[in-house]
Colleague: 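A single structure is presented below for examination.
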Amino acid sequence: QVQVVESGGGLVQPGGSLTLSCAASRSIFNIYNMGWYRQAPGKERELVATVTSGGITNYADFVKGRFTISRDNAKNTVNLQMNSLKPEDTAVYYCKIGTFDGVRYLDLWGQGTLVTVSS
């Protein structure tokens, strides 16, 4: 059962914009932190941005001022608006959903969506 699905990746020119979307199954309740991570070739997966259930955001230094994370709790979705994209932003972007069922805190991951920034 696929519980987290990302979409919106693709090819974009430097300076362009893309918006990534992540949809968690509506059967998932008690979603807390949500976030986006990315993994470039030959590198470890790294945090891009997170947002708490209260709307507090956190961004990696390399995306501050360019990316915006947002969430819709009613729809169980989290988006990443990416502006002023650079070639070094090229990576597979993954959505992470943090859940707590009253007993355990679990991270749910999407399959990833590829973002390629190139002219």
Side-chain angles (χ1 to χ4, degrees):
Q1 291 278 75
V2 177
Q3 299 186 92
V4 181
V5 179
E6 306 101 329
S7 63
L11 175 64
V12 64
Q13 294 184 348
S17 299
L18 279 177
T19 298
L20 305 182
S21 297
C22 174
S25 172
R26 302 193 73 176
S27 66
I28 301 175
F29 295 94
N30 300 316
I31 295 177
Y32 293 91
N33 292 348
M34 307 176 78
W36 288 92
Y37 294 71
R38 72 186 188 186
Q39 187 167 20
K43 299 182 66 177
E44 295 290 321
R45 188 173 299 186
E46 61 186 353
L47 181 148
V48 176
T50 60
V51 57
T52 70
S53 59
I56 300 174
T57 59
N58 180 56
Y59 296 93
D61 288 342
F62 52 81
V63 303
K64 287 181 178 177
R66 299 190 297 124
F67 292 8
T68 302
I69 188 170
S70 61
R71 63 188 289 168
D72 186 330
N73 293 332
K75 297 180 179 179
N76 278 11
T77 59
V78 58
N79 293 343
L80 184 69
Q81 181 182 349
M82 305 184 294
N83 300 320
S84 301
L85 284 162
K86 306 174 181 179
E88 53 263 43
D89 293 320
T90 297
V92 176
Y93 285 71
Y94 298 91
C95 176
K96 187 183 81 172
I97 306 296
T99 67
F100 183 70
D101 63 6
V103 179
R104 295 170 294 179
Y105 182 85
L106 300 173
D107 288 335
L108 305 177
W109 292 87
Q111 80 288 351
T113 184
L114 177 63
V115 173
T116 302
V117 184
S118 176
S119 60

Colleague: For K75, give me all partners under salt bridge (charged side-chain N to carboxylate O under 4.0 Å, His left out), at least two apart in sequence or on another chain.
Modeller: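 K75 satisfies salt bridge (charged side-chain N to carboxylate O under 4.0 Å, His left out) with no other residue.
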Colleague: Under 4.5 Å between side-chain heavy atoms, hopping through other hydrophobics if needed: is there a path connecting V78 to V63?
Modeller: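 Yes, same cluster.
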Colleague: Counting N and O atoms only, with roles assigned by atom type, does the side chain of Y59 sit under 3.5 Å from a partner on the main chain of G65, one being a donor and the other an acceptor?
Modeller: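 Such a contact is absent between Y59 side chain and G65 backbone.
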Colleague: Between S25 and S27, does the side-chain hydrogen bond (donor to acceptor under 3.5 Å, both in side chains) criterion hold? Intermediate values first, please.
Modeller: CA-CA 5 Å; S25 172; S27 66; 2.8 Å; yes
Colleague: How long is the span from the CD1 atom in I69 to the CD atom in Q81, to the nearest 0.5 Å?
Modeller: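 I69 atom CD1 to Q81 atom CD measures 12.0 Å (nearest 0.5 Å).
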Colleague: Distance from L80 atom CG to F67 atom CZ, nearest 0.5 Å?
Modeller: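 One finds 6.0 Å between CG of L80 and CZ of F67.
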Colleague: Return a table of donor-acceptor pairs under 3.5 angstrom between the side chains of residues 106-114 and protein atoms on other chains or two or more places apart.
Modeller:
unit_1, atom_1, unit_2, atom_2, d
Q111, NE2, E6, O, 3.4
Q111, NE2, E6, OE1, 3.4
T113, OG1, G9, N, 3.1

Colleague: For residues R66 and M82, determine if any side-chain heavy atom of one lies less than 4.5 Å from a side-chain heavy atom of the other.
Modeller: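 No. Closest side-chain heavy atoms not under 4.5 Å.
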Colleague: For a quick test of reading the model, state the closest non-hydrogen atom pair linking V48 to Y93 and the distance between them.
Modeller: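 Distance-wise, the nearest heavy atoms are CG2-CE2, 4.1 Å.
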Colleague: Over all heavy atoms of both residues, which pair between R26 and N76 is shortest? Give the atoms and the distance, please.
Modeller: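 In terms of heavy atoms, the two residues are closest at CA-ND2, 3.8 Å.
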Colleague: Contact between L11 and S118 at the side-chain level, heavy atoms closer than 4.5 Å - yes or no?
Modeller: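 Yes. Closest side-chain heavy atoms under 4.5 Å.
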Colleague: For residues Y37 and V92, determine if any side-chain heavy atom of one lies less than 4.5 Å from a side-chain heavy atom of the other.
Modeller: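 Counting from C-beta outward, Y37 and V92 never come under 4.5 Å.
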Colleague: Are D101 and N30 packed together at the side-chain level, in the sense that at least one heavy-atom pair is separated by less than 4.5 angstrom?
Modeller: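 SC-SC contact between D101 and N30 ruled out.
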Colleague: Show, in sequence, the C-alpha distance, side-chain angles and deciding distance for D89 and K86, and conclude whether the salt bridge (Lys or Arg N to Asp or Glu O under 4.0 Å) test is met.
Modeller: CA-CA 5 Å; D89 293 320; K86 306 174 181 179; over 6 Å; no
Colleague: Please name the pair of heavy atoms, one in P14 and one in S119, separated by the smallest distance, quoted to 0.1 Å.
Modeller: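 Closest approach of P14 to S119: CD-N, 3.6 Å.
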Colleague: If we only count heavy atoms from C-beta on, is the C95 to I97 side-chain gap below 4.5 Å?
Modeller: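 The answer is yes; the side chains approach within 4.5 Å.
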Colleague: Taking the side chain as every heavy atom from C-beta outward, state whether E88 and F62 have any pair of such atoms under 4.5 Å apart.
Modeller: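 No. Closest side-chain heavy atoms not under 4.5 Å.
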Colleague: Which heavy atom of S84 sits nearest a heavy atom of S17, and at what distance?
Modeller: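 Closest approach of S84 to S17, heavy atoms only: N-OG, 4.3 Å.
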Colleague: For the pair Y32 and F100, name the ring-plane relationship: parallel under 30°, tilted 30 to 60°, perpendicular over 60°.
Modeller: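 Perpendicular, since the angle between the ring planes exceeds 60°.
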Colleague: Scan N79, I31, T77, T57 and name whichever one has a side-chain contact (heavy atoms from CB on, under 4.5 Å) with R71.
Modeller: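 Only match with R71 under side-chain contact (heavy atoms from CB on, under 4.5 Å): I31.
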Colleague: If every non-hydrogen atom of W36 is compared with every non-hydrogen atom of C22, which pair is closest and at what distance?
Modeller: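 So the two residues come closest at CZ2-CB, 3.6 Å.
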Colleague: Can any side-chain N or O of T90 pair as donor or acceptor with the backbone N or O of V117 at less than 3.5 Å?
Modeller: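 Here the side-chain-to-backbone pair exists.
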Colleague: What is the distance from atom CZ of R38 to atom CZ of R45, rounded to the nearest 0.5 Å?
Modeller: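 Reported value, rounded in 0.5 Å steps: 13.0 Å.
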